[in-house]
Amino acid sequence: MVTMLILILLPVAFLLPPRAGAGEIIGGKEAKPHSRPYMAHLAIQHRGDSYICGGLLVSENFVLTAAHCNGDKITVTLGVHNIREREESQQKISVRHRIPHRQYNETTLYNDIMLLELAEKATLNRWVDTIALPRTNERVEAGAMCSVAGWGCTRRGSKSISAKLREVDVVVMPDDTCLKNPNVQYHIYNSSIMMCVGDPKTSKDSWEGDSGGPLVCGETAQGIVSWGPPTPPGVYVKVSIFIPWIQATMRRLQP
Ligand SMILES: *[C@@H]1O[C@H](CO)[C@@H](O)[C@H](O)[C@H]1NC(C)=O
Ligand SMILES: *[C@@H]1O[C@H](CO)[C@@H](O)[C@H](O)[C@H]1NC(C)=O
C-alpha cells in the first residue's frame, strides 16, 4: 500500500499517498520460511532515498508490483526469508525494464501496477517459484479470506521494517466499506479497479513497505498492496482487470 510501502525515508513518505511507498504487515506473524516462493523483495533507490516494496514473480523473468514502487533503480531479491542474512536460497537480480502502467495516476492511484523485466531469468526451485494470476475480470466475493505478506513495518508509527517475511490473513470487504467510509482518503476508491480488504474491526492490515506485494486468495494473486489510511480496510489493485495489460506487456518485451 502506498502507506504500505516500506518507507524508510521520511522525505519521500510525504510525497506518497498512505501506503504508497512503504508498508508493513500489522497484526500478523512471521511467515514459515520459503512458504511463499513467489515473493520478491524490492530495494528501491530514488533521488538519494531508499525504500522497500514487495512484488510477486509471475514468470521466470517478470515481477509484478505497484507503480508507486517505481524509482531510479530497483534491485529484486527472490528466495528471501530474512533480508539481513545471506541465505543460500536468495537470488539477487537487477531490473532491465521498469514498465509502470501508462495510465498510473499518482493523485488518484488509479492503475497502480508495474511490471519489472529482470535482467536475467530466475532459477525456479523450491525457494523461488511463480504464482498464478486470476482470469480476466475474475471476481473475488466479499467475505473471502485471503492473505498478504511483506517485509514492511510491523507497527504503525514506527519506521522500522521487518527483516523477516511476515504475513497476515485479511478478509475481502464489500466495496461499500471503502466507498461509504467517512475517512476522506477513500474518496479516490474506484471499485472497478480496486479491492477493499481488511476488517475495520481488526488491526490486521498491510502497511508501509508491504506495497507491491500480493494479496493471495487460494492459490491466486488477486490483489496488489496499494494504499490506505493507517487502519483497515486497505486498498489493493484488482489484478484481474489488468490481465490483458500484463499479457500484452510481457509479450511485447519477449517476442
Ligand atoms: C490524475 O487524476 C487527476 C484527478 O482526476 C487529474 O486531475 C489529473 O490530470 C490526472 N493526472 C494524470 C497525469 O493523468
Ligand atoms: C473507475 O475506473 C474505471 C476504469 O479505469 C473508469 O472507467 C471509471 O471512470 C472510474 N470511475 C470514476 C468514478 O472515476
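From a predicted model like this one, the values you see are computed outputs, not experimental measurements. Position 1 is the first residue of the sequence; numbering continues from there.
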Atom pair [atom1]/[atom2] of [X] and [Y] - distance to nearest 0.5 Å:
X: Met114; Y: Asp112; atom1: CE; atom2: CG; answer: 8.5 Å
X: Leu133; Y: Leu64; atom1: CG; atom2: CG; answer: 6.5 Å
X: Leu42; Y: Asn70; atom1: CG; atom2: CG; answer: 10.0 Å
X: Glu88; Y: Gln90; atom1: CD; atom2: CD; answer: 10.5 Å
X: Ser59; Y: Lys121; atom1: OG; atom2: NZ; answer: 8.5 Å
X: Ile99; Y: Phe62; atom1: CD1; atom2: CZ; answer: 5.5 Å

Using only atom types and a distance under 3.5 Å, with no angle test, would you say the side chain of [X] pairs donor to acceptor with the backbone of [Y]?
X: Thr108; Y: Ile188; value: no
X: Asn61; Y: Leu118; value: no
X: Glu167; Y: Lys29; value: no
X: Lys238; Y: Gly223; value: no
X: Tyr110; Y: Tyr189; value: no
X: Glu87; Y: Asn82; value: yes

May I ask you to test the [X]-[Y] pair for a side-chain heavy-atom distance under 4.5 Å?
X: Val239; Y: Gln222; result: no
X: Val197; Y: Val171; result: no
X: Ile224; Y: Tyr236; result: no
X: Leu165; Y: Glu30; result: no
X: Val168; Y: Val148; result: yes
X: His34; Y: Asn125; result: no
X: His81; Y: Lys164; result: yes
X: Trp245; Y: Ile113; result: yes

For Val235 and Cys178, run side-chain contact (heavy atoms from CB on, under 4.5 Å): C-alpha distance rounded to whole Å, both residues' side-chain angles, the deciding distance at 0.1 Å, then the answer. CA-CA 8 Å; Val235 179; Cys178 285; 4.2 Å; yes

Over all atoms of both residues, closest heavy-atom pair of [X] and [Y]:
X: Lys73; Y: Thr75; answer: NZ-OG1, 3.9 Å
X: Gly212; Y: Leu56; answer: O-CD2, 3.9 Å
X: Met194; Y: Asp175; answer: O-OD1, 4.3 Å
X: Ala40; Y: Leu78; answer: CB-CD2, 3.7 Å
X: Thr130; Y: Val58; answer: CG2-C, 3.7 Å
X: Ala142; Y: Met173; answer: CB-C, 3.9 Å

Would you sort out whether Ile74 and Cys69 count as a side-chain contact (heavy atoms from CB on, under 4.5 Å), showing the intermediate values? CA-CA 9 Å; Ile74 301 179; Cys69 293; 5.6 Å; no

Once the angle between the rings of Phe242 and His101 is folded into 0 to 90°, is it parallel (under 30°), tilted (30 to 60°) or perpendicular (over 60°)?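 Rings of Phe242 and His101: perpendicular, as their planes differ by over 60°.
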
State which residues pass side-chain contact (heavy atoms from CB on, under 4.5 Å) with Arg102; sequence neighbours excluded, sorted by chain then number.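 With sequence neighbours excluded, Arg102 shows a side-chain contact (heavy atoms from CB on, under 4.5 Å) to no residue whatsoever.
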
As a quick check of understanding, evaluate side-chain contact (heavy atoms from CB on, under 4.5 Å) for Leu57 and Val128, giving each step before the final call. CA-CA 8 Å; Leu57 190 66; Val128 174; 3.8 Å; yes

Are Tyr104 and Val237 connected into the same hydrophobic cluster when the rule is that any two of I, L, V, M, F, W, Y join if their side-chain heavy atoms are below 4.5 Å apart?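 Yes; tracing contacts between hydrophobic side chains, which count when under 4.5 Å, links both residues.
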
Indicate yes or no: does Glu117 engage Arg96 in a salt bridge with an N to O separation below 4.0 Å.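 Counted as a salt bridge, because a side-chain N and a carboxylate O are separated by less than 4.0 Å.
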
Step by step, work out the side-chain contact (heavy atoms from CB on, under 4.5 Å) result for Arg166 and Trp151. CA-CA 6 Å; Arg166 297 179 66 82; Trp151 291 271; over 6 Å; no

How far apart are the C-alpha atoms of Ser192 and Asn190, what are their side-chain angles, what is the distance that settles it, and do they pass the side-chain hydrogen bond (donor to acceptor under 3.5 Å, both in side chains) test? CA-CA 6 Å; Ser192 47; Asn190 181 326; 2.6 Å; yes

Quiz question: by atom type and distance under 3.5 Å, do the side chains of Arg36 and Ser147 form a donor-acceptor pair?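 On atom types as modelled, these side chains qualify, holding a pair under 3.5 Å.
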
